Structures are given as C-alpha cells and as structure tokens.
Amino acid sequence: MKHQLTVYNSLTRKKELFVPLHSPFVGMYVCGPTVYGDPHLGHARSAITFDLVFRHLSHLGYKVRYVRNITDVGHLENDADEGEDKIAKKARLEQIEPMEVVQYYNNRYHHFMEKLLVLPPSIEPLASGHIIEQIQLIEKILEAGYAYESNGSVYFDIQKYNENYPYGKLSGRVLDDLLSFTRELDGQQEKRNNFDFALWKKASPEHLMHWPSKWSEGFPGWHLECSAMSSKYLGEEFDIHGGGMDLLFPHHECEIAQTVAASGKESVRYWLHNNMITVNGQKMGKSLGNFITLEEFFTGNHKSLEKAYSPMAIRFFILQAHYRSTLDFSNEALQASEKGLQRLFAAIKTLSQLKATGTSGEYVANLRVKCYEAINDDLNSPILIAHLFDGVRLINAVNDGHESISPEELENLQNLYKTFVGEVLGLQDETASETDVQLIDGLVNMVLEMRIEAKNRKDFAASDQIRNRLLQLGIEVKDRKDGFDWSKK
RNA sequence: GGUCGGUUGGCCGAGUGGCUAGGCAGCGGUCUGCAAAACCGUUUACGGCGGUUCGAAUCCGCCAUCGACCUCCA
C-alpha cells in the first residue's frame with residue numbers, strides 16, 4: 001500500500017509497522033458489546049476507535065474483513081450464588097425471554113452506532129449462534145490435554161499450559177503472582193487451581209440459557225466465543241484483534257491460551273486496545289455505576305449533563321483524544337469539542353464556496369503530508385485534527401482576501417477535507433439539513449403571515465403575488481378560515 | 001501485594017532531546033446603526049528533587065500522587 005502505517009501492539013508494547021499477512025486483505029476482529037444493557041460512552045469509544053482503524057485501512061486501499069461479535073450468551077457474575085448467566089438474570093427480572101432482551105439491546109446498540117456514524121462491521125456473529133464451534137474448540141483443547149472435565153463442567157488447565165507456553169505474556173503477568181492473589185469465585189471446588197477458567201459450565205436448574213453437550217446441559221465459558229468465531233471467519237492466523245483495555249486480562253490472555261492450546265500457535269498479529277473514558281478521573285463502567293448512556297447524551301436527560309450533545313459532538317470529542325489515552329468526561333470538555341467541531345464544519349462550508357484567486361505555494365501539499373503522517377502514526381487522530389484546524393486558518397484567510405489560492409490547490413484542499421474529515425474521521429455535518437428544514441418552515445410561515453396582513457388590507461395583488469411566487473418555488477398554499485396550510489409539492 | 005500506565009497552562013488534550021501542537025475559555029482587535037455571530041491576533045505549562053547533556057516536558061534515578069487490571073466490564 002502507499003503509506004507506512006504503524007500501530008501500537010499491546011503484545012510487544014511497541015509501535016510496529018503494519019504489514020498484513022495477505023495484503024491487500026486485512027482481517028480484524030474486535031470484541032463487541034454484551035447486549036444486556038444500553039450502550040454508554042465507553043462502548044462508543046471502542047466502536048469509534050476501531051471504526052477509525054477500519055475506515056483508515058479501507059482508505060489506504062486494503063480490503064478489510066471486520067468482524068465484531070455480539071456477546072449474547074452472557075458471562076458469569078461474581079455476586080450470584082451459583083454462577084448465574086447475566087442475560088438470564090435480567091430476563092427473569094423482566095419476565096421476558098432472554099433472546100428478547102438480547103434482541104432489544106442489540107437493536108439499541110445498532111441504532112446508536114448508526115447515529116455515531118460507526119460503519120457496520122463486515123460480519124457480526126452472535127455467540128449463541130456458534131455453540132457448535134465453541135464445543136468443537138473445547139474438544140480440541142481437551143484432546144491436546146490442556147483442559148479437564150469436572151462435574152459436568154470443563155476447565156482450562158493453566159498450570160499445564162504454562163509448562164509449555166508463557167501464560168500471561170500479553171498482560172505481563174506471571175503465574176506465581178496470580179497464585180498469590182486470587183479471589184474466591186464460583187466453582188472453585190471443581191477446579192484443580194482456582195485460576196483455571198471455565199470452557200464449559202454446567203447450567204444450574206434455574207438457568208435459562210443452556211445447550212446440550214457431551215459434558216452437561218450448560219453453556220460455553222466466558223472467553224471461548226472470540227477464539228471460536230475469529231478463527232471461523234478470519235482463519236487460524238489474522239492481522240488485528242481489538243478491544244477495550246479492560247479486556248486485556250483475563251479475557252484476551254485466555255483467548256491466546258485457548259487458541260494456542262487448540263492449534264499450537266498464536267492467531268493474532270497485532271493486539272490493539274483502546275483506553276477508558278473516565279469521570280472525575282475514574283473509569284466509566286458498569287460496575288461503578290457511573291456510566292452515562294448514549295441515549296442520555298443525545299437527549300441531555302441525565303443529572304450530570306448540562307445539555308444534550310449531538311452524536312457528532314460525541315464522536316469528535318472521542319477523536320480529539322488519542323485512543324490509547326484515558327479521556328476524561330466533563331460538560332466543559334464536551335462543549336469545547338462541540339464548538340470546535342462547529343468551527344471546523346463552518347470552514348468546510350466556506351471551503352466549498354471558496355473562489356480560487358491567483359497562485360499559492362506548497363501549503364496544501366505540505367498539509368496533506370502532515371495529515372497522513374499523523375493518522376499513520378498509530379492512528380493519531382488528535383494530531384490530524386490539529387492539522388485540519390491549521391488548514392481552517394488558511395481557508396478563512398483566503399475567504400477574507402488575506403491569502404490567495406490557485407484553482408488546483410483549492411481543489412486539492414477540498415479533496416483533503418473530504419478525505420480526512422468525511423472518510424477517515426467519519427464526521428458529517430448532519431445538523432445542516434435539520435437546520436435547513438427549520439429555516440424553511442420559519443421563512444414560509446413568515447411570508448404567509450405577511451400575506452395574511454396584505455389580505456386584511458385587501459391588498460390582493462400583493463397576496464396573490466406571494467402565493468404565485470411560492471408556487472413557483474414548489475410551495476402550495478391553501479387558505480383556511482382561520483389561517484393557512486402549506487405543503488411542498 | 002503484583003503488573004501496567006498517567007501527572008502538561010483556567011478546562012480538554014498532543015508532544016520521546018533544541019524548531020513555542022490543536023480545541024475551548026480569557027484578553028485585545030476587525031467588522032457592524034446596536035447587539036450577536038464570524039474572522040484575526042494573543043498571555044499563562046510541563047508533580048517534586050537529583051542526575052546525564054552544550055541543551056530535557058521529552059532520557060535515567062528517587063520521592064509524591066492518581067488511576068487501570070488482577071472479578072463481569074468498551
């Protein structure tokens with residue numbers, strides 16, 4: 001491809017040149033949401049981060065197969081007595097089918113992602129639709145000798161694995177350290193070691209989501225679906241695996257162990273992790289209860305929010321920070337982003353109407369180089385945006401007549417903003433159309449009110465002129481006893 | 001307790017050795033009948049101490065402090 005993209009690989013803790021296994025094809029797997037709750041700002045960050053990766057790789061010319069799963073089988077909860085499935089628990093609470101809960105939140109997730117202009121992935125597999133694949137994977141791991149059955153459940157044998165492979169290499173953990181600091185969890189008495197994790201869990205009688213297997217009527221373990229589905233759709237070895245930093249351990253560590261145990265080799269080339277959104281310096285998360293849902297942001301209906309924020313403001317806010325940094329939420333910060341975005345969009349509108357005047361130097365070409373350098377440097381969107389704001393100053397200067405630009409450079413500049421703002425960053429000025437509608441409504445009503453006044457003066461020449469002129473513009477006026485109706489033809 | 005990562009100006013947020021990121025706010029100005037908007041210009045910084053260096057926000061050491069993960073979590 002034409003550019004040198006580097007990405008920070010969590011596995012090596014270094015920025016590495018991105019070289020796909022089978023260029024121009026790229027395989028990317030990202031951990032999607034567990035659909036038992038409304039999506040919040042943290043979900044948006046992960047989705048937008050990997051949307052940026054997806055968009056940029058596509059822009060560079062790669063053909064990307066982007067797989068993002070939906071976790072609908074549910075994970076174990078530590079506060080439950082007998083290892084209760086999250087989705088099942090919620091379903092009992094609401095007295096509806098588990099899959100109904102799944103469907104509802106899945107729809108909600110898609111709805112809000114669309115608002116944020118997050119492109120849909122190429123494949124979006126459901127864990128519940130891949131039980132057979134997961135069972136097959138368990139069998140492989142059992143055959144390889146890295147798992148054992150116990151009372152209808154199957155556990156991964158970490159000690160055995162660690163004899164042959166380095167467990168903890170992704171998260172920098174050492175097995176001995178883990179041994180010294182583990183907590184009491186469900187099913188501990190069934191395990192050989194309390195840090196072993198479940199591949200298959202026998203369902204308790206009150207458990208609603210369960211499937212048959214040779215071991216028991218039960219459900220697959222926490223980490224299995226990603227291993228099973230990534231290899232199914234991307235092959236035994238693929239380029240990128242992404243997710244939130246909080247998934248690094250144990251989730252992704254266990255994924256590596258499962259895959260290596262089953263196939264003898266690692267599948268992922270580049271591990272990418274986005275950092276967390278914080279509130280007052282603390283992680284925004286489900287367990288802390290300090291999260292704000294996307295719906296709440298869009299409506300402003302939350303005690304911590306001073307106003308509603310548009311999807312694009314949220315997206316821009318997230319893109320103004322580098323994906324590997326924590327990003328602290330506050331109304332002040334969000335409003336700053338909102339205003340900055342308005343300024344950027346205003347300049348783009350100016351740019352579209354700009355007149356070329358004479359000559360200009362190398363400015364645009366240099367700007368283009370800088371923009372590519374920024375985004376190719378581990379997806380540094382804040383630097384890219386900073387460069388785009390530098391360009392805003394040029395656009396305004398030309399518009400004010402302080403600078404000149406040649407026709408060719410103008411076209412290049414217009415393409416530059418179209419490429420980086422629209423295609424790569426995925427930002428669109430959607431408020432324009434809505435504003436325009438309101439504007440038209442207001443204008444037409446104002447004119448028609450003036451027409452009523454003309455009629456009241458019996459100035460029918462003026463009132464007919466207004467009606468005819470509006471008709472020419474495609475607006476049909478219908479008089480009523482108490483006023484008027486109008487509609488667009 | 002272990003592993004990892006932060007600490008940048010009023011706020012957010014970039015930046016791995018010299019070339020003062022950027023946005024918002026503030027301040028000054030242009031424009032305007034007034035106002036607003038818009039545009040232009042612009043001040044304030046690198047947690048503390050010590051070290052390496054001609055030169056450090058940037059490298060090293062110590063200390064302080066905050067956080068993430070170690071349990072479901074984007």
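Treat the numbers as computed from the prediction; the structure is a model and nothing was measured. In what follows, chains carry the letters A, B, and so on, assigned in the order in which the sequence lines appear, proteins first and then strands, with residues in each chain numbered from 1.
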Checklist entry - Would you call A:Asp429-A:Lys349 a salt bridge at under 4.0 Å N-O? => result no
Item to check | Length of the CD-C1' vector between A:Glu255 and B:A74, whole Å | outcome: 14 Å
Item to check | Note, A:Ile405 side chain near A:Lys355 side chain (heavy atom, < 4.5 Å) | outcome: no
Checklist entry - Are A:Ile48 and A:Tyr323 close enough that some pair of their side-chain heavy atoms sits under 4.5 Å apart? => result no
Checklist entry - Looking for any heavy atom pair under 4.0 Å, which part of the strands does A:Met276 touch: base, sugar-phosphate only, or nothing? => result base
Checklist entry - Which sits closer to the 5' end of RNA chain B, A:Ser330 or A:Ser287, going by the nucleotide each is nearest to? => result A:Ser330
Next on the checklist: Would you say A:Asn380 places a side-chain N or O within less than 4.0 Å of OP1 or OP2 belonging to B:G15?
Outcome noted: yes
Checklist entry - Does any residue of residues 386-403 of chain A have a heavy atom under 4.0 Å from RNA chain B, and if so, which ones, in number order? => result A:Ala386, A:Phe389, A:Asp390, A:Arg393, A:Asn396, A:Asp400
Checklist entry - For atom C1', what is the distance between B:A14 and B:G23, given to the nearest Å? => result 11 Å
Next on the checklist: Tell me which nucleotide, if any, is Watson-Crick or G-U wobble paired with B:G67 when both distances must be under 3.5 Å.
Outcome noted: B:C4
Next on the checklist: Would A:Lys160 and A:Tyr146 count as a cation-pi pair here, with the cationic atom under 6.0 angstrom from the ring centre and within 45° of the axis?
Outcome noted: yes
Checklist entry - Across all strands shown, which nucleotide pairs with B:G10 by Watson-Crick or G-U wobble geometry, both distances under 3.5 Å? => result B:C24
Checklist entry - When all nucleic acid strands are considered with a 4.0 Å heavy-atom cut-off, which category describes A:Gly42: base, sugar-phosphate, or nothing? => result base
Checklist outcome for this item: The single option from A:Arg192, A:Glu190, A:Lys191 that satisfies side chain to side chain donor-acceptor pair (under 3.5 Å) with A:Tyr155 is A:Glu190
Checklist entry - What is the distance from CG of A:Asn275 to P of B:G6, rounded to the nearest Å? => result 10 Å
Item to check | P-based separation of B:C59 from B:C69 [nearest Å] | outcome: 26 Å
Next on the checklist: Please tell me if A:Arg13 has a side-chain N or O lying less than 4.0 Å from either OP1 or OP2 of B:G5.
Outcome noted: no
Checklist entry - Whom does B:A45 pair with, Watson-Crick or G-U wobble, provided both distances fall under 3.5 Å? => result none
Next on the checklist: Taking the minimum atom-to-atom distance to the side chain of A:Thr34, which one of B:C73, B:A25, B:A68 wins?
Outcome noted: B:C73
Checklist entry - Does A:Arg343 count as lying over the ring of A:Phe389, i.e. NZ or CZ under 6.0 Å from the six-ring centre, within 45 degrees of the axis? => result no
Checklist entry - Any idea how A:Tyr109 and A:His43 line up, ring-wise: parallel (<30°), tilted (30 to 60°), or perpendicular (>60°)? => result perpendicular
Checklist entry - Choosing from B:C12, B:C70, B:A74, which nucleotide comes nearest the side chain of A:Asp328? => result B:C12
Item to check | Rounded P spacing from B:C12 to B:A25 in Å | outcome: 15 Å
Item to check | Basic-acidic side-chain contact under 4.0 Å: A:Glu295, A:Lys115 | outcome: no
Checklist entry - Going by heavy atoms closer than 4.0 Å, what residues in residues 314-324 of chain A are next to RNA chain B? => result A:Gln320, A:Ala321, A:His322
Next on the checklist: I need the OH-C1' distance between A:Tyr167 and B:C69, as an integer number of Å.
Outcome noted: 12 Å
Checklist entry - Which ones in residues 107-115 of chain A lie close to RNA chain B, meaning a heavy atom under 4.0 Å from one of its atoms? => result none
Next on the checklist: Is it the case that the side chain of A:Gln134 and the backbone of A:His130 share a donor-acceptor pair, with hydrogens and angles ignored and the cut-off at 3.5 Å?
Outcome noted: yes
Checklist outcome for this item: A:Lys169 and A:Leu11 have their tightest heavy-atom pair at CE-CD1, 3.9 Å
Checklist entry - Does A:Phe197 have its ring centroid less than 6.0 Å away from the ring centroid of A:His251? => result no
Next on the checklist: Looking at B:C54, which nucleotide sits across from it as a Watson-Crick or G-U wobble partner, both distances under 3.5 angstrom, or is there none?
Outcome noted: B:G18
Checklist entry - What distance, rounded to whole Å, do you find between the two P atoms, one in B:C63 and one in B:U3? => result 14 Å
Next on the checklist: Going by purine N1 to pyrimidine N3 plus the second Watson-Crick contact, or the G-U wobble pair, all under 3.5 Å, which nucleotide sits opposite B:U30?
Outcome noted: B:A38
Item to check | Between B:A38 and B:U43 - C1' atom distance, rounded Å | outcome: 23 Å
Next on the checklist: What I'd like to find out is whether the side chain of A:Met28 reaches to under 4.5 Å of the side chain of A:Val53, using heavy atoms alone.
Outcome noted: yes
Checklist entry - Among the nucleotides B:A14, B:A74, B:C24, which one has an atom lying closest to any side-chain atom of A:Lys283? => result B:A74
Next on the checklist: In this structure, how many angstroms lie between the P atom of B:U71 and the CG atom of A:Leu248, rounded?
Outcome noted: 14 Å
Checklist outcome for this item: Regarding the side chain of A:Ala333, the nearest nucleotide among B:G10, B:C69, B:C12 is B:C12
Checklist entry - NZ of A:Lys339 versus C1' of B:C12: gap in Å, rounded? => result 13 Å
Next on the checklist: Using a 4.0 Å heavy-atom cut-off, does A:Leu41 contact any base of the nucleic acid, only the sugar-phosphate backbone, or nothing at all?
Outcome noted: nothing
Item to check | Residues A:Asp38 and A:Arg108 bridged, charged N to O under 4.0 Å | outcome: yes
Checklist entry - Taking OP1 and OP2 of B:A14, is either one under 4.0 Å from a side-chain nitrogen or oxygen of A:Ser325? => result yes
Checklist entry - Can you tell me how far P in B:A57 sits from the matching atom in B:C46, rounded to whole Å? => result 9 Å
Next on the checklist: Rounding to an integer number of Å, can you tell me how far A:Glu373 CD sits from B:G22 P?
Outcome noted: 17 Å
Checklist outcome for this item: Taking B:C24, B:C72, B:A74 as options, the one with an atom nearest any side-chain atom of A:Pro250 is B:C72
Checklist outcome for this item: Between A:Asn162 and A:Leu175 the two heavy atoms that sit nearest each other are ND2-CD2, 3.4 Å
Next on the checklist: Base, sugar-phosphate or nothing for A:Thr49? Non-hydrogen atoms, less than 4.0 Å.
Outcome noted: nothing
Item to check | A:Tyr161 ring center near A:Phe156 ring center (under 6.0 Å) | outcome: yes
Next on the checklist: Say we look at B:G55 and B:C40: how far apart would their C1' atoms be, to the nearest angstrom?
Outcome noted: 35 Å
Checklist entry - In whole angstroms, how far is the P atom of B:G1 from the CG atom of A:Leu175? => result 21 Å
Next on the checklist: Heavy atoms only, 4.0 Å cut-off, all strands: where does A:Leu341 land among base, sugar-phosphate and nothing?
Outcome noted: nothing
Next on the checklist: Without decimals, in angstroms, what is the distance between A:Leu170 CG and B:G5 P?
Outcome noted: 13 Å
Checklist entry - Is A:Ser171 touching bases, backbone alone, or none of the nucleic acid, heavy atoms closer than 4.0 Å? => result sugar-phosphate
Item to check | Cation-pi geometry met for A:Arg324 and A:Tyr8 (6.0 Å, 45°) | outcome: yes
Checklist entry - Base, sugar-phosphate, or nothing: which does A:Thr278 touch, judged by heavy atoms less than 4.0 Å apart? => result nothing
Checklist entry - Taking for each residue the nucleotide of RNA chain B with the nearest heavy atom, is it A:Gln282 or A:Tyr8 whose nucleotide lies nearer the 5' end? => result A:Tyr8
Checklist entry - When you compare B:U16 with B:G22, how far apart are their P atoms, in angstrom units rounded to a whole number? => result 16 Å
